[in-house]
Amino acid sequence: MSYDFQATESKWQKIWDDKKTFEVETNSEKPKFYCLEMFPYPSGALHMGHVRNYSMGDMLARFLRKRGMNVLYPMGFDAFGMPAENAAIKYKTKPHDWTWQNIEYMTEQLKRMGYSYDWRRRVESCSPLYYRWNQWLFLQMHRRGLIYRKQAPVNWCEKCGTVLANEQVVSGECWRCGTPVTKKNLEQWFIKITDYAQELLDNIDTELKGWPERVRIMQRNWIGRSEGAKLSFELPELDYTIDAFTTRFDTVYGITFIALAPEHELVHKIISRMPESESRAIIDFVARCSAQSSIERSDAGGEKLGLKTPFFGKHPVTGKPIPIWIANYILMDYGTGAIMGVPAHDQRDFEFARKYDIEIIPVIQPEGEHLDGKTMKVAFVDDGTSCNSGEFDGLPTQKAIEAMIDWGEKNAYCAREVNFRLRDWLISRQRYWGTPIPFVHCPKCGFVPVPEEQLPVLLPEDVEVTDVGRSPLLDIPEWLETTCPVCGSPARREADTMDTFFCSSWYFDRYCSSIAPERYDKGAFDPKDTDYWMPVDQYIGGIEHACLHLIYARFFTMFLSDIGLLKKDLREPFTNLLTQGMVIKDGAKMSKSLGNVVDPTEIVNKYGADTVRLFILFAAPPQNDLDWSEEGVEGASRFLSRVWRFVEDNLDDLKNSPDERVPMASLTETAYRDFKRKIHNTILSVTRDIDVEKQFNTAIARLMELTNALYTFKASDTAARALRREAVDTLLSCLSPFSPHITEELWQMLGHDTLLSITPWPTEDVAALAADSVVVVVQFNGKVRVKMTLPAGLDEAKLKETVMNDPQVKERLSGVEIVKTIVVPDKLVNIVVKG
RNA sequence: GCCGGGGUGGCGGAAUGGUAGACGCAGUGGAUUCAAAAUCCACCGGGGGCAACUCCGUGGGAGUUCGAGUCUCCCCCUCGGCACCA
């Protein structure tokens with residue numbers, strides 16, 4: 001009988017389901033382990049990236065279960081978002097219907113892969129049972145002053161018809177559709193994530209040791225802390241004070257201009273103070289800047305454009321009048337939107353000054369050189385020695401910065417300040433398919449929160465989406481029109497919805513206690529459950545979330561901890577993070593436009609889930625990109641067939657072999673002892689590869705080696721047959737997290753009445769690990785010349801003596817002089833010779 | 001420009017400073033077969049040699065070491081992140 005993977009896989013999926021094998025509870029004698037994958041967007045069907053991600057997670061979950069842990073392993077759907085709206089238009093359906101269909105279909109696909117989720121905990125973020133708690137959490141943030149509305153230049157994607165958070169602008173383009181992002185001046189909802197900037201930064205070093213270094217660096221850069229000082233320029237003419245931030249207060253004596261961002265509020269004031277004939281130029285210049293796209297505006301190589309105003313600010317230290325310019329390279333959303341221009345020591349300021357003929361005054365001299373503002377070719381931005389800086393002349397840069405800031409603070413020229421690159425989270429979206437922001441706009445009271453007891457603010461489901469540019473919520477008067485919770489006057493609901501990253505920032509807390517439906521009414525989750533399960537011990541997902549989801553979720557955890565919903569000391573949600581590489585084909589990411597997409601369903605139909613899972617974990621280490629190859633899949637399939645065939649061909653003999661371990665001490669024959677050693681070395685290295693190294697590909701390689709050894713080993717007597725049985729049981733048990741169905745079937749065929757999926761992981765027998773003999777390499781001047789098989793455990797002297805007496809070694813030593821001999825017991829002897 | 005990965009056979013990839021290329025894919029030769037598929041056996045970095053064997057070889061160059069894919073420095077290429085952040 002050859003192996004029927006279809007029948008076998010559905011057979012065992014049903015058994016696990018019937019026996020509730022993978023359901024877990026909050027209380028257990030066993031230690032807990034929370035294994036989590038980033039939940040998918042229900043786009044319609046699983047793709048290979050999902051299969052790779054979840055095959056890793058499931059393998060770990062199954063491994064740890066066998067290792068005696070109480071493993072929480074849940075799955076759900078990140079179900080709000082743009083694609084549902086686009087699909088609704090394209091297929092003439094409703095976002096709600098399309099999304100739920102996809103959820104059910106993808107759940108079936110996941111079940112066919114044999115993933116061991118506790119399905120009772122499934123979360124769907126588009127369900128009112130879930131998003132009402134988004135709204136509740138939003139109100140909690142509002143109560144604590146973390147939510148505000150602000151008019152500001154924000155990122156706008158024309159194609160999506162909505163604003164975007166900073167994190168969602170990737171190289172100047174929309175993260176979802178690639179449209180170049182422009183700036184629009186709009187009033188929007190923000191979350192004060194910057195309140196947590198310092199802790200988000202500090203914890204990277206102290207709490208995120210189990211994260212890839214790459215992600216830690218990306219987050220550190222994203223948060224972007226810089227220390228410096230704020231200084232102010234008085235502008236008595238306009239009764240105004242310009243603040244500017246600098247990290248180089250040691251260059252204050254070199255200030256020769258002030259530059260404002262075109263969006264700076266002072267620009268408006270300046271315009272209003274000038275006769276119309278003169279202000280025209282400024283108005284035109286500002287318009288010209290705002291017409292530039294984000295990419296153009298933020299291109300360091302781009303042309304620096306400026307316009308001089310007739311106004312001057314007073315230098316805080318010298319009192320000299322400094323001309324005020326407006327410049328396109330000043331960003332409104334970093335620092336104060338105004339800078340002190342020091343062209344001698346800042347390349348951007350330098351280029352600007354050269355172009356507009358502004359004076360350049362060097363105040364730092366490099367070692368052994370003398371810079372002259374008239375002849376400098378580039379700004380000098382490195383450390384040097386201060387000059388033209390009053391009493392600070394002669395100080396090296398680092399000392400000058402310290403001394404001058406101290407002095408500046410004492411004389412009220414400046415104040416120490418820390419600036420972050422991280423901005424507040426723009427949370428509102430002008431979209432329909434999302435969580436309604438629970439606010440009402442009252443003409444009398446302004447924006448008023450919806451009272452908690454009125455939650456959820458339901459999202460109408462029976463809605464036709466016809467135009468991507470306009471939220472249909474604006475056209476449903478019976479939803480939009482309401483009364484003010486404060487004064488009772490007619491009022492309008494906020495029609496903006498939340499960024500979907502809000503949903504994904506706490507779903508892992510919900511998994512901890514989403515079993516009984518009635519719990520939905522008690523809270524977002526039950527602290528009893530999160531206290532037990534959180535933090536997530538192993539999180540697995542794509543690197544693309546390094547500065548998106550993985551920052552937002554960290555912020556949420558800190559917030560939830562601060563309001564007492566999570567434990568006080570639970571500040572970080574994910575202890576260990578594994579970022580898996582992409583699945584590529586023919587050197588490129590799988591994409592419809594390239595036509596190189598491989599559908600997991602087709603492959604599973606052809607080869608079975610066990611084979612696909614095994615291949616996808618074997619073909620590359622987890623972090624690397626994985627090149628899809630059907631020949632590789634066939635290789636994995638061949639391996640499983642070899643395992644199947646071995647058990648089937650020897651079934652009667654294996655069933656009748658003694659099913660207990662043969663002690664190493666009782667084995668005398670070399671072949672037996674070697675085979676026994678092979679079995680236990682396999683256990684040792686597979687365990688280490690999975691648990692410590694997270695190198696699943698080499699774990700599988702070890703199991704292939706054991707299988708090869710199994711085919712070679714001759715089971716001629718009782719001891720050998722017992723050994724062979726031991727090897728088969730070990731192989732199946734270690735292979736079961738990778739390919740759970742076929743191994744479960746073989747386990748049953750061998751007569752076991754336990755489920756292999758929850759049979760304890762084998763432990764290695766230390767007595768079986770020690771080698772009897774070793775190959776000792778004899779090197780001459782570091783080059784391998786002779787190999788000798790010798791008994792293990794010879795001490796240095798004995799080993800050296802044995803080697804020196806070897807005829808081949810002796811022959812090579814004739815006529816040369818031994819300078820030195822290095823002896824590494826059980827490994828090598830290196831003879832350094834001359835002549 | 002700044003920061004970070006990474007360069008090992010035809011390919012994916014292995015190697016606590018100690019035999020480079022585990023395991024797999026592809027390939028070659030053979031067995032089996034009427035034939036094929038499947039399976040099994042052997043070979044499989046390059047040069048030289050009938051052979052024993054020998055020389056070269058982990059992007060390039062230097063260095064540390066008895067010994068370097070692995071450590072140090074310089075350079076090249078490549079992928080990724082950030083990028084006018086004051």
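Order of the sequence lines fixes the chain letters, A, B, ..., with proteins taken first and strands second; residue numbering starts at 1 for each chain.
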K.L.:
Under a 3.5 Å threshold, yes or no: a donor from one side chain and an acceptor from the other, between A:N155 and A:Q168?
P.N.:
no
K.L.:
Under 4.0 Å, heavy atoms only, any strand: does A:T247 hit a base, just the sugar-phosphate, or nothing?
P.N.:
sugar-phosphate
K.L.:
Now, which nucleotide makes the Watson-Crick or G-U wobble pair with B:rG63, with each of the two distances under 3.5 Å?
P.N.:
B:rC71
K.L.:
To the side chain of A:I217, which of B:rC3, B:rA83, B:rA86 is closest?
P.N.:
B:rC3
K.L.:
Please give the distance between the C1' atoms of B:rC76 and B:rG61 as a whole number of Å.
P.N.:
10 Å
K.L.:
Closest to the A:P621 side chain: B:rG13, B:rC66, B:rC3?
P.N.:
B:rG13
K.L.:
Centre of A:F352's six-membered ring, under 6.0 Å away, within 45 degrees of the axis: is that where NZ or CZ of A:K304 sits?
P.N.:
no
K.L.:
Strictly by Watson-Crick or wobble contacts shorter than 3.5 Å, is anything paired with B:rA52, and which nucleotide is it?
P.N.:
none
K.L.:
Do side-chain atoms of A:E693 reach the backbone of A:R688 as a donor and acceptor pair under 3.5 angstrom?
P.N.:
no
K.L.:
Give one of base, sugar-phosphate or nothing for A:V819, where a contact means two heavy atoms less than 4.0 Å apart.
P.N.:
nothing
K.L.:
With a non-hydrogen cut-off below 4.0 angstrom, is A:N830 in contact with a base, only sugar-phosphate, or nothing?
P.N.:
base
K.L.:
Between A:F5 and A:Y607 (judged by ring centroids, cut-off 6.0 Å), do the two rings come close enough to count as a pair?
P.N.:
no
K.L.:
Could you state the CE-P distance from A:M582 to B:rG12, rounded to the nearest angstrom?
P.N.:
15 Å
K.L.:
Taking the same atom, P, in B:rC41 and in B:rG46, what whole-Å distance lies between them?
P.N.:
23 Å
K.L.:
For B:rA26, does either OP1 or OP2 sit under 4.0 Å from a side-chain N or O belonging to A:R638?
P.N.:
yes
K.L.:
Of the nucleotides B:rC23, B:rG18, B:rG81, which one has an atom closest to the side chain of A:E705?
P.N.:
B:rC23
K.L.:
So, A:Q623 and A:R214: side-chain donor and acceptor under 3.5 Å apart, yes or no?
P.N.:
no
K.L.:
Does any nucleotide pair with B:rU58 by Watson-Crick or G-U wobble geometry, both distances under 3.5 Å, and what is it?
P.N.:
none
K.L.:
Of A:V824 and A:Y329, whose closest RNA chain B nucleotide lies nearer the 5' terminus?
P.N.:
A:V824
K.L.:
Would you measure the distance from the P atom in B:rU33 across to the matching atom in B:rC44 and give it in whole Å?
P.N.:
28 Å
K.L.:
Kindly point out which of B:rG24, B:rC85, B:rA22 is positioned nearest to the side chain of A:Y334?
P.N.:
B:rC85
K.L.:
B:rC55 and B:rG59: how far apart are their C1' atoms, nearest whole angstrom?
P.N.:
22 Å
K.L.:
Scan every strand shown for a Watson-Crick or G-U wobble partner of B:rC23, both distances under 3.5 Å, and answer none if you come up empty.
P.N.:
B:rG12
K.L.:
Could you check how far CG of A:L828 sits from C1' of B:rA68, rounded to whole Å?
P.N.:
14 Å
K.L.:
If the threshold is 4.0 Å, N to carboxylate O, is there a salt bridge linking A:R702 and A:E705?
P.N.:
yes
K.L.:
So, is A:N697 close to the B:rA14 phosphate, meaning a side-chain N or O under 4.0 Å from OP1 or OP2?
P.N.:
yes
K.L.:
Looking at B:rU33, which nucleotide sits across from it as a Watson-Crick or G-U wobble partner, both distances under 3.5 angstrom, or is there none?
P.N.:
none
K.L.:
Measuring only the P atom in each nucleotide, how far is B:rA22 from B:rG10? A whole number of Å is fine.
P.N.:
14 Å
K.L.:
Would you mind classifying the nucleic acid contact of A:Q695 as base, sugar-phosphate or nothing, using non-hydrogen atoms under 4.0 angstrom?
P.N.:
sugar-phosphate
K.L.:
So what does A:R214 hit on the nucleic acid, given a heavy-atom distance under 4.0 Å: a base, only sugar-phosphate, or nothing?
P.N.:
sugar-phosphate
K.L.:
Has A:R785 got a side-chain N or O lying under 4.0 Å from the OP1 or OP2 atom of B:rU19?
P.N.:
no
K.L.:
On RNA chain B, does the nearest nucleotide to A:T336 precede the nearest nucleotide to A:R645 from the 5' side, or the other way round? Give the residue.
P.N.:
A:R645
K.L.:
Without decimals, in angstroms, what is the distance between A:I223 CD1 and B:rC82 C1'?
P.N.:
14 Å
K.L.:
Does the side chain of A:D424 pick up a donor-acceptor pair with the side chain of A:T194 at under 3.5 Å?
P.N.:
yes
K.L.:
Counting only Watson-Crick pairs (N1-N3 plus N6-O4 or O6-N4) and G-U wobbles (N1-O2, O6-N3), all under 3.5 Å, who is the partner of B:rA42?
P.N.:
B:rU28
K.L.:
Which whole number of Å gives the distance between the P atom of B:rC11 and that of B:rG60?
P.N.:
15 Å
K.L.:
Could you state the atom-to-atom distance from NZ of A:K230 to C1' of B:rA86 in whole Å?
P.N.:
15 Å
K.L.:
Ignoring hydrogens and geometry, is there a side-chain-to-backbone donor-acceptor pair from A:R52 to A:G581 under 3.5 Å?
P.N.:
yes
K.L.:
Mind checking A:R642 for me? I need base, sugar-phosphate or nothing, with any heavy atom below 4.0 Å counting as a touch.
P.N.:
sugar-phosphate
K.L.:
Under a plain distance cut-off of 3.5 Å, with no hydrogens placed, do A:E167 and A:W222 share a side-chain donor-acceptor pair?
P.N.:
yes
K.L.:
Starting from C1' on B:rA86, measure out to NE2 on A:H264 and report it in whole angstrom.
P.N.:
13 Å
K.L.:
Looking at B:rC56, I'd like to know if its phosphate oxygens (OP1 or OP2) sit under 4.0 Å from a side-chain N or O belonging to A:K783.
P.N.:
yes
K.L.:
Rounded to the nearest Å, what distance is computed from the CG atom of residue A:L614 to the P atom of nucleotide B:rC25?
P.N.:
11 Å
K.L.:
Taking only side-chain N and O atoms of A:N708, does any of them lie within less than 4.0 angstrom of OP1 or OP2 on B:rG24?
P.N.:
yes
K.L.:
Output yes when at least one side-chain N/O atom of A:N624 is less than 4.0 Å from OP1 or OP2 of B:rG13, else no.
P.N.:
yes
K.L.:
Any side-chain N or O of A:S226 less than 4.0 Å from the OP1 or OP2 oxygen of B:rA86?
P.N.:
yes
K.L.:
Look at A:R812 and B:rU54 and indicate whether a side-chain polar atom (N or O) is within less than 4.0 Å of OP1 or OP2.
P.N.:
yes
K.L.:
Write down the distance between CZ (A:R688) and C1' (B:rA22), rounded to a whole number of angstrom.
P.N.:
14 Å
K.L.:
Is A:R354 paired with A:E351 through a side-chain N to carboxylate O contact shorter than 4.0 Å?
P.N.:
no
K.L.:
With respect to the phosphate group of B:rU19, does any side-chain polar atom (N or O) of A:Q779 fall under 4.0 Å of OP1 or OP2?
P.N.:
no
K.L.:
When the C1' atoms of B:rG21 and B:rG45 are compared, how many Å lie between them, rounded to an integer?
P.N.:
8 Å
K.L.:
Has the side chain of A:R423 got a donor or acceptor atom sitting under 3.5 Å from an opposite partner on the base of B:rC85?
P.N.:
yes
K.L.:
Whether A:K827 contacts B:rG18 is assessed here as follows: a side-chain N or O lying under 4.0 Å from the phosphate OP1 or OP2. Is that the case?
P.N.:
no
K.L.:
For B:rG4, decide between syn and anti, treating a glycosidic angle within 90° of 0 as syn.
P.N.:
anti
K.L.:
Paired with B:rC2: which nucleotide, if any, by Watson-Crick or G-U wobble criteria at under 3.5 Å for both distances?
P.N.:
B:rG81
K.L.:
Using the side-chain heavy atoms of A:F618, tell me which of these nucleotides is nearest: B:rG67, B:rC23, B:rA86.
P.N.:
B:rC23
K.L.:
Counting any heavy atom closer than 4.0 Å, what does A:G224 reach on the DNA or RNA strands: base, sugar-phosphate only, or nothing?
P.N.:
nothing
K.L.:
How is A:D349 classified with respect to the nucleic acid when contacts are heavy atoms under 4.0 Å: base, sugar-phosphate, or nothing?
P.N.:
nothing
K.L.:
Give A:I330 one of three labels, base, sugar-phosphate or nothing, depending on what nucleic acid heavy atoms sit under 4.0 Å from its own.
P.N.:
base
K.L.:
Ignoring the backbone of A:R421, work out which of B:rA86, B:rC85, B:rC25 is nearest its side chain.
P.N.:
B:rC85
K.L.:
Rounding to an integer number of Å, can you tell me how far A:K678 NZ sits from B:rC23 P?
P.N.:
8 Å
K.L.:
Please determine if a side-chain N or O atom of A:R225 lies less than 4.0 Å away from the OP1 or OP2 oxygen of B:rC85.
P.N.:
no
K.L.:
Give me the distance, rounded to whole Å, that separates B:rG67 from B:rA62 when you measure between the P atoms they each carry.
P.N.:
16 Å
K.L.:
Base of B:rC82, side chain of A:N221 - is there a donor-acceptor contact under 3.5 Å?
P.N.:
no
